[in-house]
Amino acid sequence: MPYTCRLFRAQRKRHGSMQEHYDPQHIEAEAQAHWQQNDSFRVVEDPQRDTYYCLSMFPYPSGKLHMGHVRNYTIGDVISRYQRMQGRNVLQPMGWDAFGLPAENAALQRGVPPAAWTRENIAAMRAQLKQLGFAYDWSREFATCDPEYYRWEQWLFTRLYEKGLVYRKTATVNWDPVDQTVLANEQVVDGRGWRSGAVVERREIPQWFLRITDYADELLQGLDQLNGWPDQVRAMQRNWIGRSEGVELEFALTEREERLTVYTTRPDTLFGVSYMGLAPEHPISRELAARNPELAGFIEECSHSGVAEATMATMEKRGMDTGLRAIHPLTGDSIPVWVANFVLMEYGSGAVMAVPAHDQRDWEFATRYGLPIQTVIATEDGSLPDVSEAAFSDTGLLVNSGIYDGLASAAAFDAIAADLENQGIGRRRVNYRLRDWGVSRQRYWGAPIPMVHCPDCGVVPVPDSDLPVVLPEDVAMDGSGSPLKKMPEWSRCACPRCGAEAERETDTFDTFMESSWYFARFACADSDQAMLDERANHWLPVDQYIGGIEHAILHLLYARFFHKLLRDEGLVQGDEPFQRLLTQGMVLKDGAKMSKSKGNTVDPQGLVERYGADTVRLFTMFAAPPEQSLEWSDSGVEGAFRFLKRLWALSHSHLQRPAPPAVDGDALDDGQRALRRKVHETIAKVSDDLGRRHTFNTGIAAVMELVNALYKGIEDDSDQGRAVLQEGLQAAVLLLAPIVPHACHRLWQELGHVTPVLDAAWPRVDESALVQDSLELVVQVNGKRRGQIQVAVDAERDVLEAAALEEPNVGRFIEGKTVRKVIVVPGRLINVVAN
RNA sequence: GCGGGUGUGGUGGAAUUGGUAGACACAUCAGACUUAAAAUCUGAAGGCUGAAUAGCCGUGCCGGUUCGAGUCCGGCCACCCGCACCA
């Protein structure tokens, strides 16, 4: 071990010279100085050792740490330190998700360029992370706004363009007509721009897309292998990808050549179609509007709303008859074609067939506009469902469906699909809800999209030799769109292909791009010849990833997608980036999410100054299991502080006494044996809680119980009494070391150890200490607890039954009744069933 | 609207595979120490009944399965998260 350094020796104190009172400021400064001077957290690739890559989601540098960060990073640090004590070579890096909207807002408010604001925040937050004692390998730190980082993202994007995985098409954005700028969904409040208050409009503009749908099936299949992920997150991703099997079919139109293509998962309800719905942006809608001012007015009205899916789904369903008719492909009936505000141009073909009897949305629309509701599915028992109050969306038996009457939905699906196929107007299709990833942002503070628009050659990717396309950092923001669009000196360039005067793309990347591959870059952060090198495969996949549940879908799906892109580029080997995932819950105060607007925030900085990092870490881990939301409590913090004082005081008292001999298991009296059993039961419990379950709160509770028991044990001043106490204190310090590393660093020294606790081995359970000869069993009568009996651990079943029936209170409850059976749950209880 | 979650004492939570509901802590109360307070230490405590052994009730609500349900199933209610340009 490289740790027998000057400082460590100088700090070592003999027993008895320990400070009586717990002084976190002093202890923490000392421990942090030790770690810094010994470069304790730097990790070097070592082919001989087991690797463990523990990654917490990197923060957006918003200014200072909030409690959510503290919680996230404490969880990661506890796991990292625990794994290190297991002997693994642990990589725990940290960096900055540095591009994004808040920097632009800050620039507007304070006139500071986003780059300067971001870098100041990074410096402040880095200092805070160090103060909290997180064991990060800072030599691998980077910020995503570093050109050395995003140049590789630009490089990959041009590769993907060559492969055909990148394309351009128009997509809808929120447009603020007053500020003349594109708004994020977050910036649209009640349908209005957050700054200007103007009613937001929808606008179609050309944007860059990544073909994530090419990977939809693999992203879906891969979820089955991700056993280390919460089922909840896998379910959310599965639903997000939304694979469905259905039929794509065409409806002919009267008076028009072209056909309307729609997709349905319920071809069995085809005979119930009573109208067609067109998106307001559909080309046919637009064309008809040109000759129909009323329709044009309606479409114009539809454009006054945001683009968020929640807005679309909750808004009032409205529509207008176009006068156009469609022909039902099987019955030949003529069906009205409506423009409907809830039909989205970006999904499928921008047109739907509506079956109001069997789809709730269609039902609501039909009811509102008096359109016919034709029942075509009967329940399994053949009775007609009541569709006067709501649609009947279950499957069942077909009725009113011509030759298909009597078929079950599944059989009708096949029959109708086959018939449509034979007629050449339909085909079975697998469809995904997942849409291609739009990566363009009309913003300044992001990585420039490395494309050039040449009047002659069209779109040309920037060649490798010209990368990175560096974002100019010294800019002024004025609130009306990206400064890049007003910087001809930056955007004007020579076409890389023909040399003619051309223009750079002024859109920047979605910041999800940077966060989709940072985990791999940490393995080789200094690589300047390639995006990734062989060290990526040394460390990947991430063994444990930790972050907020709010990232369950988008970030985690994009990162999984990117990992597959990197794999297909030959840069990494595995299929999935994150082996195990822990989704931490939110930090609440007074039952609500902490936020500046509610004024219920708690600043970690003040707490660290007052109580020390260890108390903050301890409370955060104790107050709730990591996946659940955590209710902040100032008095709970006080309690955590009190526990550390108790632990310190107990150690101090113990160390005032003569040094104990080794524990001699055979020489212990009953009390000592019981206390020692508690020590080893606690080791077993905490090992499981920290290593497998990640329920840090129950692990801490177990150590608290142990410390309470040790407090009683300190009255025993015999040799073996002191020996058991020494063993118990050592166990407590080792078990707590990942959680409260500073206090344990010092206590471990005080208990007489030279190797720092950071590198101490995790304690082992002595099975012989766990042996008991008798235990208490609960006795129930008809499932209700009526008494308990003390029995030998190896007692036979008939002995247990007899003892249970003899228990006096049990006797009272079975008196006059017949015992029907006796259920024995070994080690737990006996239930006497009597009536 | 759609998708995913959560709901247990005064409070945060525990109960890991269907087997003693309330571990551990906070707050409270009592005792010790103190001139006093703070700090610290020790103890009590889900509700109701009872002198007590003990009994009845009790895990959001209604119903079910089981010898036994906080845990499983069905139906509700409330709150939280996500919904593709917040990160």
Side-chain angles (χ1 to χ4, degrees), chain A residues 57 59-60 62 97 99-102 171 173-174 182-188 207 230-233 235-236 238-240 242 307-315 317 342 346 360-361 364 434-438 440-443 510-512 515 548-555 557-558 585-586 588 591-593 619 622-625 627-640 642-643 645-646 649 688-689 692-693 695 697-698 700-705 708 711 776-786 788 808-809 812 820-823 825 828-834:
Chain A
M57 290 180 186
Y60 177 78
S62 52
D97 190 12
F99 279 133
L101 216 41
V173 294
N174 300 305
V182 175
L183 297 178
N185 283 336
E186 186 197 46
Q187 298 172 311
V188 179
Q207 312 226 49
D231 289 341
Q232 166 199 4
V233 174
M236 286 163 92
R238 213 168 270 130
N239 291 331
W240 185 260
V307 297
E309 191 182 278
T311 311
M312 301 295 288
T314 50
M315 73 190 174
K317 286 163 191 61
F342 64 88
E346 318 204 332
Q360 187 59 25
R361 273 201 321 193
E364 281 164 24
L434 179 70
R435 314 196 296 255
D436 275 337
W437 177 10
S440 303
R441 296 293 179 269
Q442 294 70 45
R443 310 204 182 287
D510 177 5
T511 58
F512 275 125
S515 55
I549 183 69
E550 64 272 22
H551 294 296
I553 297 177
L554 292 180
H555 161 63
L557 191 69
Y558 291 147
M586 287 184 313
L588 311 177
K593 184 174 178 171
F619 172 73
F622 179 62
E627 294 87 353
Q628 274 178 40
S629 57
L630 182 156
E631 177 66 35
W632 191 262
S633 155
D634 291 333
S635 54
V637 176
E638 197 76 46
R642 198 174 302 150
F643 171 72
K645 285 194 285 190
R646 269 167 70 77
D688 190 41
D689 284 352
R692 178 183 65 90
R693 294 212 303 159
T695 51
N697 56 328
T698 55
I700 292 166
V703 181
M704 286 176 169
E705 278 189 65
N708 291 341
Y711 252 88
E776 192 170 80
L777 285 189
V778 162
V779 185
Q780 297 181 332
V781 178
N782 294 329
K784 292 199 175 189
R785 185 193 160 133
R786 297 303 179 193
Q788 60 283 321
N809 202 42
R812 280 176 46 204
R820 298 293 169 187
K821 61 176 161 177
V822 179
I823 289 153
V825 183
R828 289 196 177 267
L829 59 73
I830 299 170
N831 187 16
V832 180
V833 184

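So you know, we letter chains A, B, ... as the sequences are listed, proteins then strands, and number each from 1.
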Trainee: Step by step, would you call Arg693(A) with Asp688(A) a side chain to side chain contact (heavy atoms under 4.5 Å, CB included)?
Mentor: CA-CA 6 Å; Arg693(A) 294 212 303 159; Asp688(A) 190 41; 4.1 Å; yes
Trainee: Under 3.5 Å for both donor-acceptor distances, Watson-Crick or wobble: does rU16(B) have a partner, and if so which one?
Mentor: none
Trainee: Just checking Val703(A): base, sugar-phosphate only, or nothing, at a heavy-atom cut-off of under 4.0 Å?
Mentor: nothing
Trainee: Tell me if the side-chain of Arg692(A) makes a donor-acceptor pair with the base of rU16(B), cut-off 3.5 Å, by modelled atom types.
Mentor: yes
Trainee: Please check the phosphate of rU66(B) (OP1 and OP2 only) for any side-chain N or O of Asn831(A) closer than 4.0 Å.
Mentor: no
Trainee: Decide yes or no for Asn174(A) and Val182(A): does some side-chain heavy atom of the first lie under 4.5 Å from some side-chain heavy atom of the second?
Mentor: no
Trainee: Is there a side-chain polar atom (N or O) of Asn697(A) under 4.0 Å from OP1 or OP2 of rA23(B)?
Mentor: no
Trainee: Answer yes or no: does a side-chain N or O of Arg642(A) lie under 4.0 Å from OP1 or OP2 of rC26(B)?
Mentor: yes
Trainee: Please determine whether any donor N or O and acceptor N or O are separated by less than 3.5 Å between the side chain of Glu638(A) and the base of rC26(B).
Mentor: no
Trainee: Arg786(A) vs Asn809(A), test: side chain to side chain contact (heavy atoms under 4.5 Å, CB included). Steps then yes/no.
Mentor: CA-CA 6 Å; Arg786(A) 297 303 179 193; Asn809(A) 202 42; 4.1 Å; yes
Trainee: If you check every side-chain atom of Met704(A), which of rC85(B), rC83(B), rA25(B) has the closest atom?
Mentor: rA25(B)
Trainee: When you measure from the centre of the six-membered ring of Phe342(A), is the NZ or CZ of Arg361(A) under 6.0 Å away and within 45° of the axis?
Mentor: no
Trainee: Please name the nucleotide paired to rA54(B) by Watson-Crick or G-U wobble geometry with both distances under 3.5 Å, or report none.
Mentor: rU49(B)
Trainee: Students often get this wrong, so: under 4.0 angstrom with heavy atoms, is Gln780(A) touching a base, only sugar-phosphate, or nothing?
Mentor: base
Trainee: Partner of rG74(B) by Watson-Crick or G-U wobble geometry, both contacts under 3.5 Å, or none?
Mentor: rC62(B)
Trainee: Contact class for Val778(A) vs. all strands (heavy atom < 4.0 Å): base, sugar-phosphate, or nothing?
Mentor: base
Trainee: If you compare every side-chain N and O of Arg441(A) against the phosphate oxygens of rC85(B) (OP1, OP2), does one of them come in below 4.0 Å?
Mentor: yes
Trainee: Using a distance-only criterion (donor-acceptor N/O pair, under 3.5 Å, no hydrogens), is the base of rC81(B) paired with the side chain of Gln232(A)?
Mentor: no
Trainee: Provide, to the nearest angstrom, the distance between the CD atom belonging to Glu186(A) and the C1' atom belonging to rA87(B).
Mentor: 8 Å
Trainee: Side chain of Phe622(A) only, heavy atoms from C-beta on: which candidate in rC24(B), rU20(B), rC86(B) is closest?
Mentor: rC24(B)
Trainee: Nearest to the side chain of Met236(A) - rG55(B), rG3(B), rA87(B)?
Mentor: rG3(B)
Trainee: Using the P atoms only, state how far rC26(B) lies from rA36(B), rounded to an integer number of Å.
Mentor: 25 Å
Trainee: Below the 4.0 Å mark, does rU42(B) have OP1 or OP2 next to a side-chain nitrogen or oxygen of Arg646(A)?
Mentor: yes
Trainee: Paired with rC79(B) by Watson-Crick or G-U wobble geometry, both distances under 3.5 Å: which nucleotide is it?
Mentor: rG5(B)
Trainee: Expressed in angstrom and rounded to an integer, what is the separation of Arg828(A) atom CZ from rC67(B) atom C1'?
Mentor: 17 Å
Trainee: With no hydrogens and no angle check, just 3.5 Å: does a side-chain donor-acceptor pair link Asp97(A) and Ser515(A)?
Mentor: no
Trainee: With a 4.0 Å cutoff (strictly under), does any side-chain N or O of Lys645(A) reach OP1 or OP2 of rU40(B)?
Mentor: yes
Trainee: Looking at rA87(B), I'd like to know if its phosphate oxygens (OP1 or OP2) sit under 4.0 Å from a side-chain N or O belonging to Arg443(A).
Mentor: no
Trainee: Among rC85(B), rU16(B), rC81(B), which nucleotide sits nearest the side chain of Asn174(A)?
Mentor: rC85(B)
Trainee: Could you check how far CZ of Phe619(A) sits from C1' of rA27(B), rounded to whole Å?
Mentor: 13 Å
Trainee: Just call it for Leu434(A): base, sugar-phosphate, or nothing, with non-hydrogen atoms closer than 4.0 Å on any strand.
Mentor: base
Trainee: Please give the nucleotide sitting opposite rG22(B) as a Watson-Crick or G-U wobble pair, both distances under 3.5 Å, or none.
Mentor: none
Trainee: Is there a side chain to side chain contact (heavy atoms under 4.5 Å, CB included) between Thr698(A) and Ile700(A)? Walk through the geometry before answering.
Mentor: CA-CA 5 Å; Thr698(A) 55; Ile700(A) 292 166; over 6 Å; no
Trainee: Quick one: is Asn809(A) getting a side-chain N or O under 4.0 Å of the rA54(B) phosphate, OP1 or OP2?
Mentor: no
Trainee: From C-beta outward on Ser633(A), which listed nucleotide comes closest to its side chain: rC26(B), rA15(B), rG4(B)?
Mentor: rC26(B)
Trainee: Can you tell me how far P of rA23(B) sits from CZ of Phe643(A), to the nearest Å?
Mentor: 17 Å
Trainee: Does a nitrogen or oxygen in the side chain of Ser629(A) sit under 4.0 Å from OP1 or OP2 of rC80(B)?
Mentor: no
Trainee: Please pick, from rU42(B), rA84(B), rU16(B), the nucleotide with the shortest atom-to-atom distance to any side-chain atom of Asp688(A).
Mentor: rU16(B)
Trainee: Contact class for Ala308(A) vs. all strands (heavy atom < 4.0 Å): base, sugar-phosphate, or nothing?
Mentor: sugar-phosphate
Trainee: Out of rA15(B), rG55(B), rG4(B), which has the shortest distance to the side chain of Arg786(A)?
Mentor: rG55(B)
Trainee: What distance, rounded to whole Å, do you find between the two P atoms, one in rG82(B) and one in rA44(B)?
Mentor: 45 Å
Trainee: Fit a plane to each ring of Trp632(A) and Phe619(A), take the angle between them on a 0 to 90° scale, and name the class: parallel (under 30°), tilted (30 to 60°) or perpendicular (over 60°).
Mentor: perpendicular
Trainee: Only pairs with both distances under 3.5 Å count, Watson-Crick or wobble alike; so what is the partner of rG31(B) in this structure?
Mentor: rC41(B)
Trainee: Of the listed nucleotides (rC67(B), rA14(B), rG1(B)), which one gets closest to any side-chain atom of Thr314(A)?
Mentor: rG1(B)
Trainee: Which nucleotide in the set rA87(B), rC24(B), rC81(B) lies at the smallest distance from any side-chain heavy atom of Asp97(A)?
Mentor: rA87(B)
Trainee: Nearest to the side chain of Ala701(A), heavy atoms from C-beta on, is which of rG13(B), rC26(B), rA23(B)?
Mentor: rA23(B)
Trainee: Using only side-chain N and O atoms of Lys784(A), determine if any of them is under 4.0 Å from OP1 or OP2 of rC57(B).
Mentor: yes
Trainee: Taking syn as a glycosidic torsion within 90° of 0 and anything else as anti, which one is rG5(B)?
Mentor: anti
Trainee: Do Gln207(A) and Gln442(A) get their side chains close enough for a donor-acceptor pair, meaning under 3.5 Å?
Mentor: yes
